[in-house]
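Every number for a ligand or one of its atoms is a count from 1 in the order of the listing.
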Amino acid sequence: MPFTFAFVCVIRFAVLFLVCAAPVAWADSPSTGSVTSKPFGRTPDDHLVRLYTLANKNGMSVSIMDYGATIVKIFAPDRNGKLDDVVLGFDKFSPYLHLSPYFGATVGRYANRIAKGRFELGGKVYQLPINNGPNSLHGGIRGFDKRMWKVEPVESDIPAIRFSRLSPDGEEGYPGNLFVSVTFSLNDDNELRISYEATTDKPTIINLSNHSYFNLAGGGTIFNHVLTLHADTFTPVDATLIPTGEIKPVAGTPWDFLNPTPIGLHLKQTGGNPIGYDHNFVLNKGFFSDWSVAAEVVEPKSGRTLTVSTDQPGIQFYSGNFLDGTLTGAGGNVYHQYDAIVLETQHFPDSPNHDNFPSTILVPGDTYKTSTVYAFGVK
Ligand code: BGC
């Protein structure tokens, strides 16, 4: 009898431990690092939002929530090993519902702008909701950043997590049922990989990206962040930030980041309203080749570096021009103009309306597949 009682207690304790305290039990426990999760908030329609944290053996961690498949925190070491949160975000869930300018979010079905929200596909004209001046931005009024994603364990020997959802035919005006997944993984070389996959049952357009706002110093303006962009050309824009269609050399312009250049050096010469960088750069590797380093960032004070590699043809470099000091984020940080650098690997903005830009059409039977690696280091 005492033995049976003790046995029951042990089993009960073990179950309780597994349910309440253990890291999320993914298929194979990673040999190094972990995936843990905790509740983060509730949506207005009462879905529980959870925050999943991938951590590696160096203490680096990336926290992602299932609302918007959104990166909420990235803790990366500086040259002395000190960890700081190097992305803008909020400590609690509620500001993500209405205030967040896409902080860390997965943006889609079409990241970036589509002129007047209109495009033609297969002889039919589609009209998307307008949510940015006269244009459609980042998938519309309720894009992928404002949806709950399903969480799936991933068979991986490094910490990894996959989010998936079915974007129904007609959602935000886009044709075709789109089954889409985004997988995040973190290895012991401090490399965060984001891989996207999608299939459709009708021809559609697709352009997915991650919208993390980086600040490698952990705060302050990014004027002293030193940027290299492997792009000889960029796509100039009109007053509403729609590409004119021209592919223009950067040499001798404020958009020339071919050599390492502090972001603040020529920022004021870019013009625009508000002034600053908010442009798509055409990566040198060519439209259709595989993998290349797109961008390198060095923050001299902390020594932190970020290298962005991708198979995408373009990268939108946005210098946080619209941040205006009205948002208070994680740790009480007030976010001011130019406090962040956003490096969105993607197809070019408004591609469906420019025949000279690489195509963003996805047809049934094909799989949209793309990856980007954000490698954190020190100098
Ligand atoms: C766009 C900016 C926009 C920002 C936040 C960026 O991708 O290029 O113009 O303000 O997203 O919405």
Next on the checklist: Run Tyr335 and Phe103 through ring pair (Phe, Tyr, Trp, His ring centres under 6.0 Å) and show every step you take.
Outcome noted: CA-CA 11 Å; Tyr335 297 140; Phe103 283 159; 5.5 Å; yes
Checklist entry - How far apart are the C-alpha atoms of Val151 and Ile161, what are their side-chain angles, what is the distance that settles it, and do they pass the side-chain contact (heavy atoms from CB on, under 4.5 Å) test? => result CA-CA 7 Å; Val151 177; Ile161 190 162; 3.6 Å; yes
Checklist entry - Considering residues, nucleotides and ligands other than Asp84, do more than 12 of their heavy atoms fall under 6.0 Å from its CG? => result yes
Item to check | More than 12 heavy atoms of other groups within 6.0 Å of Asp355 CG | outcome: no
Checklist entry - For ligand 1, is Asn112 a contact, meaning one of its heavy atoms is under 4.0 Å away? => result no
Checklist entry - Leu137: heavy atom below 4.0 Å from ligand 1, yes or no? => result yes
Starting from [atom], what is the nearest protein heavy atom, named by residue and atom, and what distance separates them?
atom: atom 10 (O) of ligand 1; result: Phe322 CD1, 3.1 Å
atom: atom 11 (O) of ligand 1; result: His211 NE2, 2.8 Å
atom: atom 12 (O) of ligand 1; result: Tyr102 CD1, 3.3 Å

Item to check | Other ILVMFWY residues reachable from Ile114 by side-chain steps of under 4.5 Å | outcome: Tyr110, Phe119, Leu121, Tyr126, Leu128, Tyr174, Ile205, Ile361, Val363
Checklist entry - Could an N or O of ligand 1 be found under 3.5 Å from any N or O of Tyr213, whether backbone or side chain? => result no
Checklist entry - Are any of the N or O atoms of Arg113 closer than 3.5 Å to those of ligand 1? => result yes
Item to check | Short side-chain donor-acceptor distance under 3.5 Å, Thr360 and Asn207 | outcome: no
Item to check | Candidates Arg142, Arg165, Lys146 - the one meeting salt bridge (charged side-chain N to carboxylate O under 4.0 Å, His left out) with Glu171 | outcome: Arg165
Checklist outcome for this item: Closest to atom 1 (C) of ligand 1 (heavy atoms only, candidates Asn321, Asp278, Asn135, Val342) is Asp278
Next on the checklist: Within ligand 1, which atoms have a heavy atom of Glu344 less than 4.0 Å away?
Outcome noted: 6 (C), 7 (O)
